[in-house]
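Read the structure below first, then the notes.
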Amino acid sequence: MEWEPKIVAFFCNWCTYGAADLAGVSRLQYPPNIRVVRLPCSGRISPKFILAALRNGADGIWVSGCHPGDCHYIEGNFYARRKFELINNLLAFMGLEPGRLHFSWISSAESTKFAATAQKVTDAVRALGPAKRMVKVPVFESIPV
Amino acid sequence: MSQPIGAVLVAGGGIAGIQAALDLANSGYKVFLVEQQAAIGGVMAMLDKTFPTNDCAMCIMSPKLVEVGRHANIDILTLTDIESIDGVKGDFKVNLRRRPRYVDLEKCIACGLCAAKCPKKVDDRFNQGLIQRKAAYVLYPQAVPLKYALDAEQCIFLRKGKCGVCAKVCPAGAIRLHEREIRQTLRVGAVILSPGYRAYNPAGLDYFSYGAHPDVMTSLEFERILSASGPYGGHLMRPSDRRAPKRIAWLQCVGSRDQNHCGNFYCSAVCCMYAIKQAVIAKEHSEHPLECTIFYMDMRTHGKGFEDCFNEARDKHGVRFMRHRVQAVRPEKESGRLALRHLGESGKVQTEHFDIVILSVGLETSPELRQWGQGLGVELSPGGFARIDDFNPTATSRDGIYVCGAFAGPKDIPQSVIEAGSAALCAGADLVAGRHTLTVRAATPSERDTRGEPPRVGVFICHCGINIGGVVDVPGVRDYAGTLPNVVYVADNMYSCSQDTQNTISAKIEEHRLNRIVVAACSPKTHEPLFQETLAAAGLNKYLLEFVNIRNQDSWVHMNEPERATAKAKDLVRMAVAKVLRLSPLSEELLTIAPAAMVVGGGVSGMAAALALSRQGYPAEIVERDSALGGQARHLHQTAKGDAIEARLGQLIAQVQADPRIRVHLNARLTKVEGFVGNFKSTVAVGATETVIDHGVAVIASGAQESLPSEYLFGRDERVITGLELDQRMKRGDRRLARLRTAVFIQCVGSREPERPYCSRVCCAHSIVAALHLKELNPEMAVFVLYREIRTYGEREALYRRAREKGVIFIRYERERKPRVSATPEALEIGVVDHALRRPLTIPADLLILASAIVPYRDEQLAQFFKVPMNADGFFVEAHVKLNPCAFATDGVFLCGLAHYPKPIDESIAQAQAAASAATVLLAQRTIRTSGTTARVDLRVCSGCGVCVSLCPYKAPSLKTQGPLAGKAEINPVLCKGCGLCVASCRSGALQLQGFDDGQIMGMIEAA
Ligand code: FES
């Protein structure tokens, strides 16, 4: 079978998850490469989730929350953005291609933006091919004998 | 009056009756829900999808059916007729005739053996006679109550005295062949009538060949054909030869807007939208290209989101819209197709061939229903519906009897639901002194202690009709789930949210000692609470559930890739199982609700909401930006029924001012809103003084305004005015109006344009009322209405007719060819291309009235204060378009009036009362439970750094000041909203968000 990128997505319950639901209601079509982890707020996202996903073989990561100022919990998304910036820099430093990490603001009414972003993220990750850099590989496989 | 009886009888178990019953039962009243058929559900249960979002009707209705079915304070009385009502408000005696079911409700286990063995086949009326059922039957597979019944008119035993096979095969001994009809009298304080409507029967219109050929059918028959639980299992076929159709035609206004043939002069208000919906769905269902054509007079897409739907159907889905009159439909022997002869505006007659012809039949009240209503003392309108008053939109002419749904005029589901709320509010308000006197508290079973048990996971996968099952290989996913660790039970269900599946889940939890549940179905945002309740009812902590979204985020968005959608569903189920294994039971805190409301906006809606809340016994604070109460209604002259608005508005304002429970803040601004449902704290500023208000709920009634046009010389020539300005002049009794020789109205000014795509809903009726008034002032005056589509929905259609009779001239124009306006000192000159003559025409006019759009205020700050969303047009977005049209997804915040969408006064007041009803449901609980999803500190790990304290916007964390653990953090679970911000920021890893802890999320990530 042809290789298909696997993208782990972290969505806040109130905005982006709602947009994803609405995209369904509107029957917008987008590629089926995204595996969603629903969280109460983008502020819940810890950098270690992103690392864990990459280590477990995700080819791309997509974090999305409410627009600035619209966070259901007032300012969780501002903190999320800061954390995301840091992990982004760190991963770039470690040699991860920037196109694997995506961040967006999508409100619960923006179903079209959701579907378009899903397409964009998938295309970007697909263009980079499988992510190998951080995948946890059993030791005996990585040491040549 | 002595203490009123704290019970209400709701007559009719369709969606309106169901909603009214729930509102009342949840605010402290005993409810008797009386239904003539063997199960509740009404017409909505027959529908496949609902417009404009194409949500599956059964999916959104099921949670309500289930809630009614299991509610401790609602008694459902099926197969029951109301014979008469004696007594007065507060103490009615309702005389009932209860027809036998011949099946013991307590004993029937709905196994279906009786139907399987029953020898008598009869037409299945629920499926519009398209297939047959047995004389022993359930109305539909998800029926509530899910109990069999014997059809008294058809059963062989009941008619001829022999057979009785059902009694022999019934394993539960539930058949009661000798049951008799009984009479019963119920005492209640108020009555709500929601008997619904019947679809117009086109059998009399022989020129459409209805009844003569099976492929000519009504829209309701086609709805059943589209339905996954319908006669063809959702496969699109024509009845004559079960072949897939290639061309389908819809004929609009059959049984509506047609005094001559059917006697129904009114517009049925819903047919345009349902035809669009059916055309789009049919195209979706069809395996090969399908041509859909809708023949119509005016497309009436006047509701929220309707115009978008219309545009998309035409531009994106390629539905063909023909403004043609269909003269005849004739079956052709040779081709087996239907020849349809139609007449265009140009007068040319054409014949085309179709495989299916659908008659978009209207809504009407049957003569029996009219008689019944009148017998109960309810006066009727000219169209045969219950007569109501614009300012009291759900009260009938008999005090204490209210009405909602299609019996109060043809209408769609959201409007029915709104009226249900309004009727419930009024009925409840009559009986406040009897509140909680006849209700019982639902007993929740004690919770099973699952600690220490090894995980035993049950996975339930939903087909959702064909919504999921049509794309995803559901049995495949089910079998896959069975291979996952710790999964001990798997099942797939047609509709997981239906009452019977809910019961099955409960039973399976017991039978297999399940202690973790995964449901793969639609969206947790709409359905998680329902399943949580089922867990609780089965004695399982409700947080031991994980919900997988394989519909909105899978089958619906990957329709063309079934294999990959199935793979995705498997992955998502695997992730959920990984998470559910790591869940543990959570506990909730009890919180008292501040028994007061804040109403933002002092227009008609805001005032009606405040008065409604006050009648329920709750104080309300109105915050109004303007210097006076009244809002837009201050500028209006007459309602569509011809009531003078000024006087009625004056009464409303006086009532508000005299109400001791209502406080009005004029020239006021909200400057701060803190807190959440049950305990809001809002700061209101009037000039330099600030007041802090504590309130448990908020109602947003912030209104909208008339847009000022930029076209047609508006603002440059004083003979060009807006509709509101004309109303002002009429109110003032401006003498100059009678002297006008020619007045011209232009409709859709600023509405239905690419930059403002919605229809402003009220302008057609409003302009026609004004046109009629001008004609009254001076019958010689030439009055023109230039329109794109006349949308006088419901009984407003009478206005349109009357206007034409009185000589008002209607000329249609196209958006691409707008009227042109130029000015000379003597007159305005209005050029327009006449649609009938197809010739340019110039009208010299003394006055040009522009029906300009209604535009929202786009109050971003208000939206942020209450965390409520706005759509692209700037109107606030309700929690659910169909079934929750007056609440926000944010708990404790409600919505009504123009802030939601343009609407006339009667609809605004109904929505205000419905919003108040929903708020009352909350306030009457007195306490609410906080969520168990809160943060927790592991004191062994906490270093006391205080980051959580500084981060949390709700001040939930603090550092202990006393005891041996002083300096360490603690979380107040009542204040914690469960966002997890502190958890993600804790440097020691001492904080965890219960229900979303690191282990659970990591589990999902690893399984992804
Ligand atoms: S809730 Fe969406 S980002 Fe916070």
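Each chain gets a letter, A, B and so on, in the order the sequences are listed, and its residues count up from 1.
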Listed by number, the residues in residues 32-46 of chain A that come under 4.5 Å of chain B (heavy atom to heavy atom) are A:P32, A:N33, A:I34, A:R35, A:V36, A:V37, A:R38, A:L39, A:P40, A:C41, A:G43, A:R44, A:I45, A:S46
* To do: Mind running side chain to side chain contact (heavy atoms under 4.5 Å, CB included) on B:L951 and A:E75 for me, showing each step along the way?
  => CA-CA 9 Å; B:L951 279 181; A:E75 48 198 15; over 6 Å; no
Cut-off 4.5 Å, heavy atoms of chain A, and the answer for B:Q553 is both
Of A:A23, A:G76, A:A20, A:C12, the largest count of non-hydrogen pairs under 4.5 angstrom with chain B goes to A:A20
Filtered by a 4.5 Å non-hydrogen cutoff, the part of residues 78-97 of chain A contacting chain B is A:Y79, A:K83
Whatever's closer than 4.5 Å to a heavy atom in chain B on A:F10 counts as side chain
So, the part of B:E1006 with a heavy atom under 4.5 Å from chain A: the answer is both
Rounded to the nearest 0.5 angstrom, the CG-SG distance for A:N13 and B:C979 is 12.5 Å
Given A:K6, A:Q29, A:E110, the one with more heavy-atom pairs under 4.5 angstrom with chain B than any other is A:Q29
Scored by heavy-atom pairs under 4.5 Å with chain A, the best of B:I1001, B:T53, B:V983 is B:I1001
Between A:W14 and B:K525 the two heavy atoms that sit nearest each other are CA-NZ, 3.9 Å
When every non-hydrogen atom of A:V8 is compared with those of B:A1008, the smallest separation belongs to CG2-CB, 4.0 Å
Between A:Y73 and B:G978 the two heavy atoms that sit nearest each other are OH-O, 4.2 Å
Would one find more than 12 heavy atoms of other residues, nucleotides or ligands at under 6.0 Å from atom CD of B:Q864? yes
Within residues 564-573 of chain B, contacts to chain A at heavy-atom distances under 4.5 Å involve B:R564, B:K568, B:D571, B:L572
CG of B:N552 to OG of A:S26, rounded to nearest 0.5 Å, is 9.5 Å
Run the side chain to side chain contact (heavy atoms under 4.5 Å, CB included) check on A:H72 and B:K977 step by step: do they pass? CA-CA 10 Å; A:H72 188 76; B:K977 302 299 288 167; over 6 Å; no
Per-residue tally against chain A (heavy atom, under 4.5 Å) across B:A863, B:A576, B:G995, B:G980 peaks at B:G980
Closest non-hydrogen atoms of A:R27 and B:E284, given as atom of the first, atom of the second and distance, are CG-OE2, 3.8 Å
From CA spacing to verdict: side chain to side chain contact (heavy atoms under 4.5 Å, CB included), B:S523, A:Y17 = CA-CA 10 Å; B:S523 172; A:Y17 196 87; 4.1 Å; yes
Checking heavy-atom separations under 4.5 Å from chain B, one finds in residues 51-61 of chain A A:A52, A:A53, A:N56
Side chain to side chain contact (heavy atoms under 4.5 Å, CB included) between B:N54 and A:V25, intermediate numbers included:
CA-CA 7 Å; B:N54 291 354; A:V25 169; over 6 Å; no
Whatever's closer than 4.5 Å to a heavy atom in chain B on A:S108 counts as side chain
Heavy-atom nearest pair, A:K48 first then B:D998, reads NZ-OD2, 2.8 Å
Q | B:R936, CZ: over 12 other non-hydrogen atoms inside 6.0 angstrom | A | no
In short, B:V557 meets A:L28 closest at the heavy-atom pair CG1-O, 3.2 Å
Okay, B:M559 and chain A: the region with an atom under 4.5 Å from a heavy atom over there is both
Applying a strict 4.5 Å limit to non-hydrogen atoms, the region of B:S985 in contact with chain A is both
Turns out that what part of A:C71 lies under 4.5 Å from chain B's heavy atoms comes down to backbone
Under 4.5 Å to a heavy atom of chain A? For B:Y954 that would be side chain
When the 4.5 angstrom heavy-atom criterion is applied to B:D308 and chain A, the contacting part is neither
